S.K.: 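Could you have a look at this structure, given as structure tokens, before my questions?
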Amino acid sequence: MTRSLLAIEPLPLLFYQQPTLELAQSLLGCLLVHETAEGTASGFIVETEAYKGPFDRAAHSFNNRRTKRTEVMFGRSGHAYTHTMHTHCLLNVVSSDIDCPEGVLIRAIEPFSGKNLMKHRRRGMENEINWTNGPGKLTKALGVSMDLYGHDLTSPPLYIARGFTPSEISAGPRVGIDNSGEAKDYPWRFWVANHPFVSKFR
DNA sequence: ACGGTGATAATCT
DNA sequence: GATTATCACCGTA
């Protein structure tokens, strides 16, 4: 068998135990993998957004609002926080310490393996670009849904593995939050510079 | 650029 | 039970 260069295995818990803003950048280039009965699909993370609950008006967990939905963000880092928005499901990685509700939203990935499966799940979309260049799109392409709420990302069927190292990382204001307050201007959106699969600006 | 779509859960009354 | 809030997508202009 070929050796570790091609080995795809979950990153350890240690990886998730870094400050949210750093984790958001560390996730860029990593491989997001989902194994299902239909097959395995994966893609490189190319765009993320950090959400720092207690201080971040844009976050669901702002001011430590603790509910059934945000509960998982108060737990250990490295778990999945899935959230339904209209007909779409969004995927976040829980970060920071217990009782500190912070997370990183996965906004876009570049398809890597299981492309036929993704194409099938995204049937109707001709352009490969449109399979995964948005937070609700990539979850559909990977088959991620609410039943993964609270899943431990260091183990299958959903996990994050080492990928490539981005040559350059860009940062800027986040998207889709018209909340008042200064939070909307924080440059907490990160993406791989000049990458075609990054979701569009508005 | 614009509008229709529509799932879940918190917070009223 | 009704209202409100939420980290979008997609087809049609």
Side-chain angles (χ1 to χ4, degrees), chain A residues 16 19-21 23-25 27-28 32 43 45-75 77-96 100-111 118-151 153 158 160 170-191 196-202:
Chain A
Y16 299 96
T20 302
L21 292 178
L23 178 63
Q25 296 172 73
L27 282 169
L28 293 176
L32 179 63
I45 297 169
V46 297
E47 185 181 0
T48 61
E49 272 180 17
Y51 282 86
K52 292 171 69 68
F55 329 99
D56 187 354
R57 198 168 289 273
H60 293 156
S61 53
F62 171 64
N63 204 17
N64 289 306
R65 195 165 69 114
R66 186 168 192 155
T67 65
K68 188 179 179 183
R69 184 174 61 169
T70 62
E71 180 65 31
V72 70
M73 285 200 283
F74 288 83
S77 59
H79 286 212
Y81 170 43
T82 50
H83 168 253
T84 308
M85 178 63 178
H86 293 98
T87 59
H88 313 290
C89 181
L90 278 57
L91 175 63
N92 302 253
V93 178
V94 176
S95 63
S96 195
C100 189
E102 302 185 354
V104 178
L105 170 68
I106 311 297
R107 284 196 59 89
I109 65 174
E110 174 191 350
M118 290 195 217
K119 184 171 187 172
H120 178 254
R121 285 171 173 152
R122 299 285 295 136
R123 56 179 116 47
M125 285 291 141
E126 292 302 320
N127 220 331
E128 184 173 332
I129 291 282
N130 287 321
W131 296 353
T132 56
N133 69 337
K137 299 180 186 183
L138 69 92
T139 55
K140 189 171 286 186
L142 291 182
V144 172
S145 58
M146 284 302 290
D147 50 359
L148 286 163
Y149 179 89
H151 172 72
L153 290 171
L158 181 68
I160 294 172
S170 301
R174 292 171 297 176
V175 178
I177 47 184
D178 51 359
N179 265 310
S180 56
E182 61 238 23
K184 72 172 169 42
D185 296 321
Y186 294 169
W188 287 351
R189 174 176 181 243
F190 303 99
W191 66 93
F197 282 87
V198 171
S199 69
K200 288 176 184 168
F201 294 89
R202 288 259 168 168

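Just so we're clear, the structure is a prediction, and the values are computed from it rather than from any experiment. All chains are named by letter (A, B, ...) in the order of the sequence lines, taking the proteins before the strands, and each is independently numbered beginning at 1.
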S.K.: Holding to side chain to side chain contact (heavy atoms under 4.5 Å, CB included), I want the full list of residues that pass it with A/Asn127, two or more places apart in sequence or in another chain.
M.R.: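 Counting only residues at least two positions away or on another chain, A/Asn127 forms a side chain to side chain contact (heavy atoms under 4.5 Å, CB included) with A/Ile129, A/Asn130.
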S.K.: Using ring pair (Phe, Tyr, Trp, His ring centres under 6.0 Å) as the criterion, list what pairs up with A/Phe190, not counting sequence neighbours.
M.R.: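 Applying ring pair (Phe, Tyr, Trp, His ring centres under 6.0 Å) to A/Phe190 gives none.
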S.K.: For residues 77-90 of chain A, which residues have at least one heavy atom under 4.0 Å from DNA chain B?
M.R.: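 Contacting residues: A/Thr84, A/His86, A/Thr87.
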S.K.: With sequence neighbours excluded, what pairs up with A/His79 under the ring pair (Phe, Tyr, Trp, His ring centres under 6.0 Å) test?
M.R.: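 Counting only residues at least two positions away or on another chain, A/His79 forms no ring pair (Phe, Tyr, Trp, His ring centres under 6.0 Å).
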S.K.: Restricting to side chain to side chain contact (heavy atoms under 4.5 Å, CB included), what partner residues turn up for A/Ser145, sequence neighbours left out?
M.R.: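 Partners of A/Ser145 by the side chain to side chain contact (heavy atoms under 4.5 Å, CB included) criterion, ordered by chain and then number, come out as A/Asp147.
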S.K.: Using the C1' atoms only, state how far B/dG6 lies from C/dT6, rounded to an integer number of Å.
M.R.: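 One C1' to the other, the span is 12 Å.
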S.K.: Does anything in residues 136-150 of chain A reach DNA chain C, meaning a heavy atom under 4.0 Å, and if so which residues?
M.R.: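 Only A/Gly136, A/Lys137 qualify.
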S.K.: Going by the rule side chain to side chain contact (heavy atoms under 4.5 Å, CB included), which residues pair with A/Thr87 if we only count those two or more places apart in sequence or in a different chain?
M.R.: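 Not a single residue meets the side chain to side chain contact (heavy atoms under 4.5 Å, CB included) criterion with A/Thr87.
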S.K.: Give, ordered by number, those residues of residues 124-133 of chain A having at least one heavy-atom distance below 4.0 Å to an atom of DNA chain C; if nothing qualifies, reply none.
M.R.: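 Hits under 4.0 Å, by residue number: A/Met125.
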S.K.: Which residue in the set A/Arg122, A/Met118, A/Met125 passes side chain to side chain contact (heavy atoms under 4.5 Å, CB included) when paired with A/Lys140?
M.R.: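 Of the listed options, the one satisfying the test is A/Arg122.
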S.K.: Expected output check: what is the dot-bracket annotation of DNA chain C, where ( ) and [ ] are pairs inside the strand (brackets for crossing ones), | is paired with another strand, and pairs are Watson-Crick or G-U under 3.5 Å?
M.R.: ||||||.|||||.
S.K.: So, using side chain to side chain contact (heavy atoms under 4.5 Å, CB included) as the criterion, who are the partners of A/Glu71 when residues are at least two apart?
M.R.: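 With neighbours one apart ignored, the set is A/Arg66, A/Tyr149.
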S.K.: Compare side-chain N and O positions of A/Arg107 against OP1 and OP2 of C/dC9 and report whether any pair is under 4.0 Å apart.
M.R.: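 Answer is no, no contact under 4.0 Å.
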S.K.: Only counting residues at least two apart or in another chain, list the ones meeting salt bridge (Lys or Arg N to Asp or Glu O under 4.0 Å) with A/Arg121.
M.R.: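 In terms of salt bridge (Lys or Arg N to Asp or Glu O under 4.0 Å), with neighbours along the sequence ignored, A/Arg121 is linked to A/Glu38.
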S.K.: So which protein N/O to nucleotides 10-13 of chain B N/O distances come out below 3.5 Å?
M.R.:
unit_1 : atom_1 : unit_2  : atom_2 : d
B/dA10 : OP1    : A/Lys68 : N      : 3.0

